[in-house]
Every structure is written in C-alpha cells, then in structure tokens.
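Heads up: the structure comes next, in structure tokens.
So you know, we letter chains A, B, ... as the sequences are listed, proteins then strands, and number each from 1.
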There are 2 protein chains.
Amino acid sequence: MTKKELILQVATVFFSKNGYFETPMSDLSKKTGVAESTIFYHFKSKENLFIAILERVKDDIIKEFEGYMTEKEFDSGLDMVEVAVSFYLYLAGKMENQFLLLHRHYPYKLAEINPVCRAHLESIYDCLVDIFERGVLLGQKDGSIGNMPTRKVALIIFSMVDGISRFKTYNLYDAGALYNQLIESCRRILKNDKSE
Amino acid sequence: MTKKELILQVATVFFSKNGYFETPMSDLSKKTGVAESTIFYHFKSKENLFIAILERVKDDIIKEFEGYMTEKEFDSGLDMVEVAVSFYLYLAGKMENQFLLLHRHYPYKLAEINPVCRAHLESIYDCLVDIFERGVLLGQKDGSIGNMPTRKVALIIFSMVDGISRFKTYNLYDAGALYNQLIESCRRILKNDKSE
DNA sequence: ATACTGACTGAGTGATCAGTCAGTATTTAA
DNA sequence: TTAAATACTGACTGATCACTCAGTCAGTAT
C-alpha cells in the first residue's frame, strides 16, 4: 500500500471516530509512521485531506448501493424499497466509519463555504433518496404502493432509516431490535389502500 | 442580566452555530465583553461550561414539552401523537440553537467519558420518547392506534420526526414542505386495522 | 556521468489555545 | 467603618496546532 493510501485510510478512521478538529495531524503521523510533512506533501492542507476522504466515501457508498440495487431483481416496487431499507442498515454497519463521518456536523459546516464538499454531500444524498424514489415510482406502477408524492415519501422513508442507523452511531438505542418494526412501518406508510 | 447568565446565552449560540472545538474562549470573551478569566471563574473549565449549557437545554426542552403536553387535551391517543410530532417540529424551530447543539456529535462523544453529560442526554431523549409512547399507549386503549410494540413504534416515530428536523439543520431539504406527508405517514404507521 | 524528478523528512515557526494567578473592584454583613 | 467574601480582570504561560522549508534520497531519462 502506498503511503498516500495509508494516510487516507487512517485519517478516515480518525476523522470519523474522533472528529476533524479533535484529530491533530501529529496523530495521523504517529499512527501511519509517515512524517507529518509527507501528509502535507500529498494533500496540501488538512481541509484538502478531508475533501479527499469525503470523495472516496461518496464513491464507495454510491458504488455499493447502485451495484447492489441494479443487479438485484424485485418482486414489486414495495419490495424494492424494503430491500433498499435493509441494505442501507447493512451498509451503515459494514461501512461504519464512512457513515459516521456523514453523521458528524463538520462536513455540512464545511459545505457552506466549500462547494466541492457540498457537491460530494449532495451526490451522496441524491443517490440514496433517488433509489428510494425509484422504488416508490415502480411500486406505484405495479400497484404495490399507493398514490402519494414520490419524492416526499422517499425523503420520509430515508429520514426514518437514517434516524434509526443514527441511534446505533450515538449508542442511544439498539437499531437491530427496531428492524422488524421499521420494515412494518415502511409497509404501512407505502401501502396501497385503493386497490384490491 | 448577570455576567454568568450572559456567558451562558452567548456560549449556547456559539457552541451550537460554530461547534465546541471551533469556538475559542476568546470569542466568548469578545462577544460578551466579559474577561476570559471571568468565564473560568464562573465555570472552572470549558467542558464544565458546556455541561452547564446542556443542563439548561435539558431543563428548557423538558419544561416546554411537558408543559405543553400536560395542559392540552386530546381527542384520542393518535391525536396526542400527532400533536407531539407537530410540537416537536415547532420547538425545533423555536429553540433552534438548543436542538442544533443536540444534533452535533460533541455531546455524545463527551457522554462516553462524562457521566453527567450522559445523564442529561438520556433525560432529554427519555422525556421525548416517553411522550410519544404515552400517546401510543393512550391510542391503544381508546382504539385509535393498533396493537403494536409501544416503545419500538415510539422510537420509530421519534427518529422520523428528528430526521426531518435535521434536514432543516443541515440545509438539505425543506422540512416544512414535508409536514403534511409526515403527519400522514404517522397516521398510517399507527392506524388500527382491526377495529371498525 | 549528469541532470532532473517525485517522494519524503526533521527541524523548525508563528499563531492560537485553555487555563492560571496575583491583584483589584464591588458587594455584603457585622 | 471595617473586614470578609465574592466578582472580576489583565498579563501571563506552556502546550499544541497547522503548516513551511531546506534539503536528502532513490529512481530514471539523457
């Protein structure tokens, strides 16, 4: 592994676990065994290092999600939404550090002054909400989901799932124990009353 | 207003708007017009100042919520949950800074090593989720809400509402535009299918 | 052999940080 | 009036921060 790659990986863990301002460059230097000045050689500044990490987080999450959802086949639109919800929770566990980074406040603060950061964040959220929305649209066509504003209901499903995954991040409640109830709640929100 | 009170109010805004590590004590000194050492005289340390702020946030939120919910009368348990959801969104707007503070990562990080901090956070979340749960329980008695695990469904409603209010915090989406769909989603989640 | 390049480093630097402290003002109480 | 307690402050400190820079070194093209 190149030193640049090593720095990226170690910094991802530190920035997510401890936070951006709480991790001095000296910590990254110590943990990687790379000189502090080498980090600046590769990334120019601390903020730039963060952007590089965020870009990789974006690429990884989108690749994982799009990859899984496109190769899978679904019984119905409702099924697709349920699969997306499950996969979101699975991914939040598998890519714990990357999701933790997105659950912190710093990226959104930086996004206010750094357009590249803002673009990365928007890409991630657009990708995720789009997948839920595509499921809703499909479900409305095949009759498994009722007639309701697609984007709005996709956002609500997303905020519900993300909120549950946040419980785990913050050590507040056990997200796994809520899984069945979460899926049941999605079904109830999306159910098509008019058919049958 | 006493200087101690002034420090508390200014620090609340700075810690929520800019973050804990991003606000040096010198900024608080400048904004309040109080000497930096005076802040340490009253609060001993920066961390202690934060705890004092969090305690006030806890008291304010619980007072507002319990006060509003106990004096109000409800048509049904379902109505009570809907009122709680609406009031939560209203309060997140009215007490923007206090809620923003709770949407940051620092309190939860501090809670891992500071038991007083952890206790305050737990008080806040217990109070909020309890109110939703009381509504669900009431609804299950009066038949307006179906038979489902009360605590779990209360947590799901809470995570959904909190997620929506977070959209506003992060400038991602317009929370107000989702209000109607949110209430509708709550009704669908809680609906009693078996009656009538 | 020479010239050049990119990767890398140790030794700094000025700025900024939270916190201290000796001393001064103000209030309170006897 | 005075003594004690409380409120407050400016000047300081040592630690830590992100970042710089002159220079080393291995590889590579000419």
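Among the nucleotides C/dC8, D/dC8, D/dC19, the one closest to the side chain of A/K46 is D/dC19. Across C/dC8, D/dC17, D/dT9, the shortest atom-to-atom separation from the side chain of A/P24 is found for D/dC17.
Among the heavy atoms of the strands lying under 4.0 Å from B/T23 are primed sugar atoms or P, OP1, OP2 only; no base atom is included. If you check every strand for non-hydrogen atoms under 4.0 Å, A/K3 touches sugar and phosphate atoms only.
Applying the Watson-Crick and G-U wobble criteria (two distances, each under 3.5 Å), D/dT28 pairs with C/dA3. The partner of C/dC17 is D/dG14, judged by Watson-Crick or G-U wobble contacts that both fall below 3.5 Å. Base pairing of D/dT2 is made with C/dA29, judged by Watson-Crick or G-U wobble geometry with both donor-acceptor distances under 3.5 Å.
Summarising the geometry, the separation between NZ on A/K30 and C1' on C/dT9 is reported as 17 Å, rounded to the nearest angstrom. Computed from coordinates, the B/I7 CD1 to C/dA18 C1' distance equals 15 Å when rounded to whole Å. Counting to the nearest Å, the P atom of D/dA18 and the CG atom of A/D27 are 9 Å from each other. Nucleotide D/dA18 holds its C1' atom 17 Å from the CZ atom of A/F50, rounded to whole Å. Between B/H42 atom NE2 and D/dA5 atom P there is a gap of 19 Å when expressed in whole angstrom units. Taking atom CZ of A/F40 as the reference point, atom C1' of C/dG6 lies 19 Å away to the nearest angstrom. Summarising the geometry, the separation between CD on B/E36 and P on C/dT20 is reported as 12 Å, rounded to the nearest angstrom. Following rounding to the nearest Å, B/M25 (CE) and C/dC17 (C1') show an atom-to-atom distance of 11 Å.
Within the structure, every side-chain polar atom (N or O) of A/Y41 is placed at least 4.0 Å from both OP1 and OP2 of C/dC8. Within the structure, every side-chain polar atom (N or O) of B/S37 is placed at least 4.0 Å from both OP1 and OP2 of D/dC8. Between B/S26 and C/dA18 there is no side-chain N or O to OP1 or OP2 distance below 4.0 Å.
Under a 3.5 Å cut-off, the side chain of A/T150 and the backbone N or O of A/V136 do not form any donor-acceptor pair. The closest donor-acceptor contact from the side chain of B/R188 to the backbone of A/C186 lies at 3.5 Å or more, if one exists at all.
Between A/Y125 and A/F158, the ring center distance clears the sub-6.0 Å criterion. Close placement of the A/F50 and A/Y106 rings is indicated, their centers lying within 6.0 Å of each other.
Position along DNA chain C of the nearest nucleotide to A/A35 versus B/S45 favours A/A35 as the more 5'-ward residue.
Between B/M160 and B/V85, every side-chain heavy-atom pair lies at or beyond the 4.5 Å cut-off.
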